[in-house]
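Here is how names work: the chains are called A, B, and so on, in the same order as the sequence lines, proteins then strands, and each is numbered from 1.
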Amino acid sequence: MAESWTSLLVVRKPAHLKRMLSGRPAKALAVNTGPRRQLHLALHHDDLRLTQQQQQQRVLLQHYRSLGHMPFKRPAPVPHQGTESGGESESSSRPPPAKQQKTSMQKALPDTTVYIVQAKLDVGGISELFELAEHHTKGACRNAMDADVIITAIAMRRRLERHVPWDIAETKAVVTPAWLRDSVDHGRALPCGDYVAIQDLLETTVEHCPDCNCKPCACSDGDSEAATPRFEAKQLPSPLSSPSTPVKQRAMSTSTKKEEKKPVVPQPVPEHLLPPDPPIPTNLAKLDYMSRYACQRASPLVCPNQALVRELDIIRRSRDLEGEARSALSYERAVSIIKAYPHEIRSLKQVEKLPFIGVKITGLIEEFLDTGKITEAQTINASERFQTLSLFSSIYGIGPSTAIRLYNLGLRSLNDLEVYYGVEPEDVALQSQIVEVEEKPRKPAWQRGQHKGDEGLGDSWTRVALGLREDLAKKIPRAEVEEMGRVVMRELEELEPGCVSTIVGGYRRGKMESNDVDIVFTHPDPSKVKGLCKRLVRKLHERGMVTHVMHLSGFHAHNALRTHHWDSLEKALTVFIMPPSSPFHTGVRRRLDLIFAVPDVYWTAVIGWTGSIMFQRDIRQWAKDKHGMKFDSSGITRRYDSKEFFPKTEKEAFDLLGLEWVEPKWRNADL
DNA sequence: GGGCAT
DNA sequence: CGTAT
DNA sequence: GCCC
């Protein structure tokens with residue numbers, strides 16, 4: 001069963017697609033990299049993040065001003081204050097707050113049984129509540145029906161109904177966690193009306209409250225804390241966990257829910273798997289915008305020469321689509337070095353000394369300085385060929401090579417593609433529901449690809465991708481990215497409590513909108529990781545949240561030559577849809593990438609998946625050039641003796657490579 | 001003319 | 001070749 | 001396309 005599930009769900013990319021058209025792989029379509037797939041009309045929403053970005057730029061600019069550009073002038077250390085703009089991106093689950101039991105002689109609620117809805121609570125909150133329940137009530141029960149009081153952080157009816165049937169909820173007092181805390185503090189049950197979790201349940205909550213039966217409303221008992229959940233207030237440094245992690249920013253708290261075993265006392269997550277508590281600031285004075293390595297430069301999300309880099313990026317994309325990967329790389333490097341240049345470029349002299357700006361690109365910049373545009377870029381951008389190739393390769397699974405072949409066949413529009421790939425009108429109508437992507441019955445390998453006749457038409461992979469294109473082209477707001485993280489984390493917590501995660505990708509670098517969501521997971525216990533990716537994907541699929549699995553990897557497909565930690569990464573590339581119970585439900589499907597790493601390689605995975613692409617390339621280049629190391633998201637290896645390194649934190653990985661620490665928000669080395 | 005991340 | 005950063 |  002489980003296995004057939006996989007083959008049912010996973011859309012395999014048919015190898016025969018590539019032979020579909022003119023079988024010959026034109027010249028050197030060298031190794032192409034990253035997803036150059038951008039819709040030609042993709043909007044840039046940079047304006048939306050101007051304030052944030054401008055702020056970053058100002059800091060950078062100030063810094064470089066203070067350097068005075070004079071090689072000998074030592075900079076006055078820039079008061080690098082937190083350029084933190086609001087939403088920090090770390091999303092690890094926080095450790096459970098150090099628990100402590102109130103030394104109470106007597107239970108505050110000796111006759112009350114509570115049911116704790118774990119959803120929307122983080123592990124810390126959950127363990128705290130279970131502690132309180134254990135020590136101050138009759139106990140926590142595993143079934144809402146058996147409880148007198150239901151405790152939940154959920155505020156919405158629809159959401160609660162996912163965990164407690166409404167008709168049961170109506171026979172209980174349904175209150176916020178603060179009720180339990182405050183009741184414990186006061187040594188008795190407080191009026192539930194003041195703590196009702198869901199407004200619709202106010203009456204029944206009051207009615208079933210185990211308080212002293214004094215009518216609720218007016219008697220506020222003069223406790224002002226009611227509304228404010230105060231986790232820290234109840235914590236003392238735990239003897240167990242290291243110097244108390246003050247749970248001040250419990251970032252993206254991972255709501256949890258699990259089979260309610262009674263003493264839910266999750267193991268504290270080791271400190272080093274969590275983001276550093278005060279975050280480590282970037283020492284901009286040690287970075288150098290002239291460096292040949294993007295990992296030594298500070299690259300903001302939006303730079304002072306954004307208009308110029310956008311022009312250059314058009315040419316870059318064109319080179320990529322045309323199969324000129326090396327040329328494209330040069331433009332990418334040019335864009336990258338300009339991204340880190342902290343001034344508005346007003347004269348050619350400023351760029352002449354920058355690396356990666358050679359004869360050709362200098363000429364283009366000159367034109368841009370003179371006229372405010374680059375004719376070649378404009379011409380490319382206006383050309384039907386470029387627009388069509390861009391459109392085609394915006395479809396998942398269609399890269400430059402396929403796009404060109406389709407173009408050469410005379411196809412020009414999405415409709416052409418749909419006709420070509422045999423998308424039926426009714427398929428399009430099906431889009432909003434969960435589409436089981438059944439793999440087209442495949443002939444055995446020896447029968448496949450013998451003749452070209454059976455390919456092309458009706459390729460299931462591309463058909464599906466075509467159907468998804470519209471949704472996947474939409475950007476994802478930060479808030480929704482975070483919600484996706486919470487939702488996924490909640491499911492994972494049920495599956496395997498105690499996991500840690502970081503939302504990586506552009507989100508972590510501070511982008512206001514993302515094209516997809518990438519999450520890296522680990523578990524303090526390495527033995528818990530194996531197979532987790534598949535299990536989570538299966539669960540999300542059963543719950544209707546994952547509608548497609550584009551790729552699912554276990555791991556052993558590595559080099560036969562000695563290996564160690566190579567089965568240390570599991571990865572799923574999926575399509576996700578927000579469950580209807582979420583306030584963020586829009587019905588728009590999103591690309592979601594899940595990466596599971598054993599703890600040893602968690603931080604290298606986080607670094608790798610945080611990007612940006614150019615930043616990663618240059619870290620790898622740097623590791624090779626300067627240290628003879630191979631760096632990738634599943635580990636760091638010394639080349640001459642294959643010794644492996646397992647940095648315990650993200651910063652340690654930088655240290656290991658002799659690199660200055662660069663915060664994610666300064667890693668935007670790509671456009 | 002080789003190298004360009006893995 | 002296409003995907004991920 | 002740029003660097004060594």
Side-chain angles (χ1 to χ4, degrees), chain A residues 11-21 25-26 28-37 292-295 312 315-316 319-320 323-337 354-364 392-393 395-405 461-462 465 504-509 514-520 550-553 558-559 566 569 571-574 591-595 604-625 629-637 664 667-670:
Chain A
V11 180
R12 291 211 185 78
K13 184 162 33 173
H16 56 267
L17 176 64
K18 62 178 84 148
R19 274 174 268 105
M20 189 155 56
L21 310 167
L29 255 201
V31 188
N32 192 7
T33 59
R36 297 286 168 273
R37 313 173 284 106
R292 307 185 127 61
Y293 297 91
C295 50
L312 292 175
I315 306 180
R316 191 224 85 207
R319 295 290 186 272
D320 238 342
E324 313 261 359
R326 300 308 168 187
S327 177
L329 179 58
S330 284
Y331 283 94
E332 206 170 352
R333 290 226 160 92
V335 164
S336 183
I337 197 79
L354 292 179
F356 309 117
I357 307 291
V359 176
K360 173 75 186 287
I361 292 178
T362 299
L364 296 174
F392 288 178
S393 64
I395 288 139
Y396 190 94
I398 297 182
S401 179
T402 308
I404 288 175
R405 288 156 73 196
W461 172 267
T462 310
V504 288
Y507 170 85
R508 186 162 187 254
R509 300 197 307 271
S514 302
N515 297 311
D516 64 5
V517 176
D518 314 289
I519 311 180
V520 177
M550 327 297 277
H551 175 84
L552 185 59
S553 69
H558 47 279
N559 255 310
W566 273 90
L569 223 48
K571 170 171 81 168
L573 313 184
T574 75
R591 280 277 292 101
L592 169 66
D593 295 342
L594 308 171
I595 298 93
T604 53
V606 167
I607 290 173
W609 283 81
T610 295
S612 65
I613 292 167
M614 205 52 223
F615 195 90
Q616 286 315 300
R617 284 181 147 166
D618 282 354
I619 283 184
R620 290 157 189 218
Q621 193 72 59
W622 171 273
K624 179 190 277 193
D625 293 351
M629 306 261 237
K630 184 167 103 70
F631 183 111
D632 70 44
S633 56
S634 59
I636 303 174
T637 314
R667 299 181 199 169
N668 289 286
D670 294 293

Among C:dT3, C:dT5, B:dC4, the one nearest any side-chain atom of A:Trp609 is C:dT5
Could you check whether the rings of A:Trp622 and A:Tyr293 sit parallel, tilted or perpendicular, using 30° and 60° as the cut-offs? perpendicular
Rounded to whole Å, how long is the line connecting atom CZ of A:Arg319 with atom P of D:dG1? 5 Å
Under 4.0 angstrom between A:Lys624 side-chain N/O and B:dC4 OP1 or OP2: yes
Where the side chain of A:Ser330 is concerned, which of B:dA5, C:dA4, D:dC2 is the nearest nucleotide? D:dC2
If you check the A:Thr402 side chain, which of D:dG1, C:dG2, C:dT5 turns out closest? C:dG2
A:Gln616 atom CD is separated from B:dT6 atom P, nearest whole Å, by 12 Å
Report the C-alpha distance between A:Arg591 and A:Leu573 in whole Å, list the side-chain angles of each, state the deciding distance to 0.1 Å, and finish with yes or no for side-chain contact (heavy atoms from CB on, under 4.5 Å). CA-CA 7 Å; A:Arg591 280 277 292 101; A:Leu573 313 184; 3.9 Å; yes
To the side chain of A:Arg620, which of C:dA4, B:dC4, B:dT6 is closest? B:dT6
Give the nucleotide from the list C:dG2, B:dT6, D:dG1 with an atom nearest to the side chain of A:Pro400. C:dG2
In which ranges does DNA chain B form stems of 3 or more consecutive Watson-Crick or G-U pairs, distances under 3.5 Å? B:1-4 with D:1-4
Could you go through the side-chain contact (heavy atoms from CB on, under 4.5 Å) check for A:Ile613 and A:Gln616 one step at a time? CA-CA 5 Å; A:Ile613 292 167; A:Gln616 286 315 300; 5.8 Å; no
Check for a donor-acceptor pair, side chain of A:Ser336 on one end and backbone N or O of A:Ala669 on the other, with a separation under 3.5 Å. yes
Report the C-alpha separation of A:Phe392 and A:Thr402 in whole Å, then their side-chain angles, then the decisive distance to 0.1 Å, and conclude whether the side-chain contact (heavy atoms from CB on, under 4.5 Å) test is met. CA-CA 8 Å; A:Phe392 288 178; A:Thr402 308; over 6 Å; no
Taken to the nearest whole Å, CH2/A:Trp461 to C1'/C:dT3 is 8 Å
Measure the distance from NZ on A:Lys360 to P on D:dG1 and round it to the nearest whole Å. 4 Å
At 4.0 Å (heavy atoms only), tell me whether A:Ile361 reaches a base, stays on the sugar-phosphate, or touches nothing. sugar-phosphate
Are A:Arg405 and C:dC1 close enough that a side-chain N or O sits under 4.0 Å from OP1 or OP2? no
Just to be sure I understand the rule, does A:Asp618 reach a base, reach only the sugar-phosphate, or reach nothing, if contact means heavy atoms closer than 4.0 Å? nothing
A:Tyr293 OH to D:dC4 C1', straight-line distance once rounded to whole Å: 11 Å
Using the C1' atom on both, measure C:dT3 against B:dA5 and round to a whole Å. 15 Å
Measure the distance from CG on A:Asp625 to C1' on D:dC4 and round it to the nearest whole Å. 11 Å
Without decimals, in angstroms, what is the distance between A:Asp320 CG and D:dG1 C1'? 13 Å
Do A:Arg508 and A:Arg667 have side-chain heavy atoms sitting under 4.5 Å apart? yes
Considering every strand and a 4.0 Å limit on heavy-atom distances, what is the contact class for A:Phe631: base, sugar-phosphate, or nothing? sugar-phosphate
By nearest atom, which of the nucleotides C:dT3, C:dT5, B:dT6 is closest to the A:Tyr396 side chain? C:dT3
Does A:Arg617 put a side-chain nitrogen or oxygen below 4.0 Å from OP1 or OP2 of B:dA5? yes
Nearest whole Å is fine: how far is C:dG2 C1' from A:Phe392 CZ? 17 Å
Under 4.0 Å: is that the gap between some side-chain N or O of A:Arg292 and OP1 or OP2 of D:dC4? yes
Closest to the side chain of A:Tyr331, out of D:dG1, C:dT5, D:dC3, is D:dG1
Roughly how far, to the nearest 0.5 Å, is the CZ atom of A:Arg620 from the CG atom of A:Asp632? 5.5 Å
Output, in order, the C-alpha distance, side-chain angles, deciding distance and verdict of side-chain contact (heavy atoms from CB on, under 4.5 Å) for A:Asp670 and A:Glu332. CA-CA 7 Å; A:Asp670 294 293; A:Glu332 206 170 352; 3.3 Å; yes
